[in-house]
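Have a look at the structure below before the remarks.
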Amino acid sequence: MMKKLLISLFLIFVLFSVTNVASSETISLATVDWPPIYGKNLPENGFFAALSREAFKRAGYELEIAFVPWKRAVELAKRGKFHGILGAYYSDERAKYFHYPDPVATNDEVFVQKKGQGITYTAVEDLKKYKIGGLRGSAQIEELEKMGFNIEATTDDIMSIKKLNAGRVDLMIVGKAFLLYTLKNSEEMRQYQEAFEILEPPYKSYELYCPISKKIENSEKIVEQFNAALQAMKDDGTYQGIMERFGMQ
């Protein structure tokens, strides 16, 4: 009798496992190349992608990532052409179109100048007299525009770096991790490694999310499942292990 019961339980377990695998769905997220946080040529697409992929996997989804220009990524996800965005900051405007799960990581945005410019600030309003370059469609640029700053937005941060070096903008605002990584590791950008300096303090430390488009069916459920999986990763040490694997802790 006990043997039959164990066999029955085993078959139920196998059936449950097969059903789970069969019902696994794909989550497609759009984003831009933004090493070392995420990027198409990074191992596992970077630490942020690795954390997000594991959370979605635990929630029953297979993660697919499309790397496109940032403005396009946001607009396509907003319309439901993708399930959401990989690694976006929060903004009130975006929250009209996306459900935000719990944050996966954080990132500092900093102002950068060419060495010798002598620009300093204690409050962000001190920088209003300068022309500032940055990524079109980014939360930080949208914030500065609303505050009345003189902005020259570009399709990618590399272009802003070149404009800053050429003196076409006085400052740029950029993710600190991206800037330091790119100046060290990009063959094209390495020539500018000693050309710039970062202003202190950072403009702001942003939390990074994987927002899900409200156009997607069951988007709120996806967010709930992701949150539960992410918390479980933190509880069992998986989150910390992934961060350590990428040298982020």
For this session: Mind running side-chain hydrogen bond (donor to acceptor under 3.5 Å, both in side chains) on T154 and S160 for me, showing each step along the way?
Result: CA-CA 6 Å; T154 58; S160 291; 2.7 Å; yes

Problem set entry | Pair listing, salt bridge (charged side-chain N to carboxylate O under 4.0 Å, His left out) test, anchored in residues 184-196, at least two apart | K115-E194, K162-E188

For this session: With sequence neighbours excluded, tell me which residues meet ring-ring contact (aromatic ring centres under 6.0 Å, His included) with Y89.
Result: Y206

For this session: Please identify each residue that fulfils side chain to side chain donor-acceptor pair (under 3.5 Å) with K204, with sequence neighbours left out.
Result: E143

For this session: Using a cut-off of 6.0 Å, state whether more than 12 heavy atoms not belonging to K163 lie near its atom NZ.
Result: yes

Problem set entry | All pairs passing salt bridge (charged side-chain N to carboxylate O under 4.0 Å, His left out) where residues 122-139 contributes a residue, at least two apart | K131-E152

For this session: Sorted by first residue and then second, give each salt bridge (charged side-chain N to carboxylate O under 4.0 Å, His left out) pair with at least one member in residues 94-104; sequence neighbours left out.
Result: E93-K96

For this session: Please round to the nearest 0.5 Å and tell me the distance separating atom CD1 of I158 and atom OG of S186.
Result: 5.5 Å

For this session: Would you list the pairs meeting ring-ring contact (aromatic ring centres under 6.0 Å, His included) in which at least one residue belongs to residues 212-238, sequence neighbours left out?
Result: F56-F226

For this session: Nearest 0.5 Å please: distance from the CZ atom of F196 over to the CG atom of L164.
Result: 4.5 Å

Seminar exercise, completed: With sequence neighbours left out, the residues meeting side chain to side chain donor-acceptor pair (under 3.5 Å) with S28 are H83

Problem set entry | More than 12 heavy atoms from other groups under 6.0 Å of NZ on K214 | yes

Exercise. At what distance, to the nearest 0.5 angstrom, does OH of Y192 lie from NZ of K114?
Worked result: 9.5 Å

Problem set entry | CE on M248 to CD on Q240, rounded to 0.5 Å | 11.5 Å

Side chains of residues 216-223: which donor-acceptor partners sit under 3.5 Å, not counting sequence neighbours?
from: S219; atom 1: OG; to: I216; atom 2: O; distance (Å): 3.4

For this session: Could you name each residue pair satisfying salt bridge (charged side-chain N to carboxylate O under 4.0 Å, His left out) that touches residues 228-243, not counting sequence neighbours?
Result: R58-D236

Exercise. Atom OH in Y203, atom CD1 in I132: separation rounded to 0.5 Å?
Worked result: 9.5 Å

Problem set entry | Pairs involving residues 119-174, ordered by first then second residue, that meet ring-ring contact (aromatic ring centres under 6.0 Å, His included) (sequence neighbours left out) | F111-Y121

Seminar exercise, completed: Those residues at least two apart in sequence (or on a different chain) that pass ring-ring contact (aromatic ring centres under 6.0 Å, His included) with Y209 are Y100

Seminar exercise, completed: The reported gap from CG in D33 to CG in D157 (rounded to nearest 0.5 angstrom) is 11.5 Å

Problem set entry | Face-on cation placement of K78 at Y97 ring, 6.0 Å and 45° thresholds | yes

Exercise. Of all residues at least two apart in sequence or in a different chain, which pass the salt bridge (charged side-chain N to carboxylate O under 4.0 Å, His left out) check with E44?
Worked result: R245

